[in-house]
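In what follows, every heavy atom counts, from backbone to side chain, and hydrogens, waters and symmetry copies are set aside.
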There are 2 protein chains.
Amino acid sequence: MTGTPSIVNTEELHESPTLALRTFDSIKSDIINGELAQGSKIVESDLALKYGISRGPLREAIHRLERIKLIVRIPHAGSRVITLDTRMMEDIYNARESLEGMAARLAARLMSDAEIESLSKLLDQHAAAISETDGKAYFQREGDIDFHYRIAVASQNQWILEKLNGELYQLIRMCRHQSGQFPSRAQTALEQHRQIAAAIARRDEELAEILMRRHISGAWEIVKTILEDQYD
Amino acid sequence: MTGTPSIVNTEELHESPTLALRTFDSIKSDIINGELAQGSKIVESDLALKYGISRGPLREAIHRLERIKLIVRIPHAGSRVITLDTRMMEDIYNARESLEGMAARLAARLMSDAEIESLSKLLDQHAAAISETDGKAYFQREGDIDFHYRIAVASQNQWILEKLNGELYQLIRMCRHQSGQFPSRAQTALEQHRQIAAAIARRDEELAEILMRRHISGAWEIVKTILEDQYD
DNA sequence: ATTAAATATATTGTTGACAATATTGATTAA
DNA sequence: TTAATCAATATTGTCAACAATATATTTAAT
């Protein structure tokens with residue numbers, strides 16, 4: 001249980017110092033959890049009332065949500081909650097594949113021995129969690145994100161980390177939530193994670209990148225069929 | 001001259017319908033051109049006065065600039081123009097390498113024959129421009145960006161296109177401007193562009209990606225030495 | 001003289017009112 | 001009945017004043 005803590009909702013840990021940021025977090029959760037339905041219209045005065053603030057900071061919150069693609073905005077015409085579709089998710093997964101591939105490469109180059117050790121321990125925990133709570137897909141999924149987040153941090157590339165953690169993972173969480181949990185795949189994923197970690201430990205940049213990309217494009221294949229069944 | 005037009009300053013072409021967006025464009029230019037110095041403090045009331053608007057829309061403009069990393073912002077403490085350093089540019093180029101590599105792969109898969117033809121014509125123009133205006137580094141550089149922009153568009157990946165065009169290219173332009181033009185390298189770059197275009201025409205996704213990544217990491221090696229001479 | 005506390009100033013965060021634009025519904029002409 | 005025009009309404013954009021927070025300055029104590 002030591003080492004880097006889980007980063008589920010890192011953003012909400014220390015109360016934001018500003019109304020706009022707190023409201024941003026609230027609305028973000030509400031969108032990801034589906035309490036604000038996909039495609040629904042956002043009316044500033046209504047939301048301001050609902051969250052008990054004035055339109056100023058609410059506007060800032062909306063802009064931030066637009067930034068991470070949870071809301072679509074058109075000047076003078078208002079904003080709507082995003083509508084996830086297969087095409088957009090494909091974009092997300094392709095971007096993720098290339099970015100995380102690079103992150104894995106950089107991690108293999110830059111990760112300290114202590115970090116590598118800690119990463120290995122994390123995977124042991126996951127293995128334990130899988131055999132115990134066989135079926136608790138939620139924890140497995142957040143465990144999965146933990147692994148990927150560690151790689152992103154270890155890459156020491158701020159830009160990539162920010163895009164993955166601030167944007168892409170949010171959209172994937174939302175998609176997962178609204179598609180009623182993807183099938184577990186926990187065992188397969190864990191094995192792949194172990195291989196990636198091993199490549200990093202060997203400082204094999206090339207292999208780490210390839211395995212990470214294969215891991216993600218494999219995940220996409222699964223998600224894709226689910227989405228196609230759902231929407232088409 | 002037909003086909004996709006040059007996209008230098010696309011954003012400014014049709015006057016934005018809102019004060020905030022117009023001001024965003026103005027400040028963006030001023031930062032990229034160095035009229036607002038790196039690291040300088042941004043005081044909202046001062047800038048509002050300077051650009052002749054109130055603090056409301058100015059604030060929105062600042063948030064947008066924060067979004068594309070031209071401004072750094074700390075709650076309650078204000079904002080400053082970003083300070084480019086070698087480390088940040090390395091992050092940018094690494095992200096760019098992976099994203100554009102993926103874009104080239106997707107382009108090889110999705111580009112229409114007409115687009116491929118048009119891309120080839122673009123490179124002919126560049127060849128002509130190089131032999132004529134041998135030394136006019138500015139046009140060569142914008143030509144370079146044109147090429148990369150076309151690949152990004154052809155990838156049909158909105159997320160990648162947006163990040164490249166809206167964020168990474170801006171920072172690279174700024175870096176280039178403030179480093180007093182990088183050495184031309186025009187001939188080498190053109191040859192590499194031709195190889196990439198050829199791979200795309202052959203629908204060789206693998207090769208297109210590899211060549212694009214090599215092209216960009218090569219560019220970074222050059223930029224890196226320049227920056228290190230400059231800052232260290 | 002140096003540090004700490006307290007005060008004053010500057011700057012950002014928030015609010016409610018007003019202006020500009022878009023959307024909706026009603027009215028009229030074909 | 002349908003299409004087009006106009007008025008009415010709703011919604012976003014902009015502004016200026018006020019509140020909360022941080023920064024700078026002064027004062028007091030050691």
Subject >> Proximal nucleotide (of C/dT11, D/dC15, C/dG13) relative to the B/Val43 side chain >> reply: C/dT11

Subject >> Distance in angstrom units between B/Phe24 CZ and D/dT14 C1', rounded >> reply: 19 Å

Original post:
Separation of A/Arg55 atom CZ from D/dA10 atom P, in whole Å?
Top reply: 15 Å

Original post:
Between B/His148 and B/His215, what is the ring plane arrangement, given parallel below 30°, perpendicular above 60°, and tilted in between?
Top reply: parallel

Subject >> Shortest side-chain distance from B/Glu44, nucleotide among C/dG13, C/dT11, D/dT11 >> reply: C/dG13

**OP:** Specify the residues of residues 67-79 of chain A, ordered by number, for which at least one heavy atom lies under 4.0 angstrom from an atom of DNA chain D.
**Re:** A/Arg73, A/Pro75, A/His76, A/Gly78

**OP:** Before accepting this row, confirm whether a basic side-chain N of the pair A/Glu60/B/Arg73 lies closer than 4.0 Å to the acidic partner's carboxylate O.
**Re:** no

Subject >> B/Arg59 side-chain proximity, nearest of C/dT14, D/dA16, C/dG13 >> reply: C/dG13

Original post:
Over how many whole Å does the gap from B/Leu49 atom CG to C/dT11 atom C1' extend?
Top reply: 15 Å

**OP:** Considering only NZ, NE, NH1 and NH2 on the basic side and carboxylate oxygens on the acidic side, decide whether A/Arg59 and A/Glu66 come within less than 4.0 Å.
**Re:** no

**OP:** Could you tell me the separation between the CD1 atom of B/Ile62 and the P atom of D/dT14, rounded to a whole number of Å?
**Re:** 15 Å

**OP:** State whether the side chain of B/Asp91 and the backbone N or O of A/Asn157 hold a donor-acceptor pair below 3.5 Å, judged by distance alone.
**Re:** no

Subject >> Atom-to-atom span, CG of B/Leu58 to P of D/dT14 - whole angstrom >> reply: 11 Å

**OP:** Output yes when at least one side-chain N/O atom of B/Thr18 is less than 4.0 Å from OP1 or OP2 of D/dT14, else no.
**Re:** yes

Original post:
Choosing from C/dT14, D/dG13, D/dT14, which nucleotide comes nearest the side chain of B/Ala20?
Top reply: D/dT14

Original post:
Taking CG from A/Asp46 and C1' from D/dT9, how many angstroms apart are they, rounded to a whole number?
Top reply: 14 Å

Subject >> Aromatic ring pairing B/Phe147/B/His193, orientation class (parallel under 30°, perpendicular over 60°, tilted between) >> reply: parallel

**OP:** Please work out if B/Ile42 contacts a base, only the sugar-phosphate, or nothing of the nucleic acid, heavy-atom cut-off 4.0 Å.
**Re:** sugar-phosphate

Subject >> Whole angstrom value for the distance that separates P of C/dT11 from CG of B/Leu47 >> reply: 12 Å

Subject >> Atom-to-atom span, CG of B/Leu21 to C1' of D/dT14 - whole angstrom >> reply: 14 Å

Original post:
Taking 4.0 angstrom as the limit, do A/Glu97 and B/Arg105 come out as a salt bridge?
Top reply: no

**OP:** Considering only NZ, NE, NH1 and NH2 on the basic side and carboxylate oxygens on the acidic side, decide whether A/Arg150 and A/Glu115 come within less than 4.0 Å.
**Re:** no

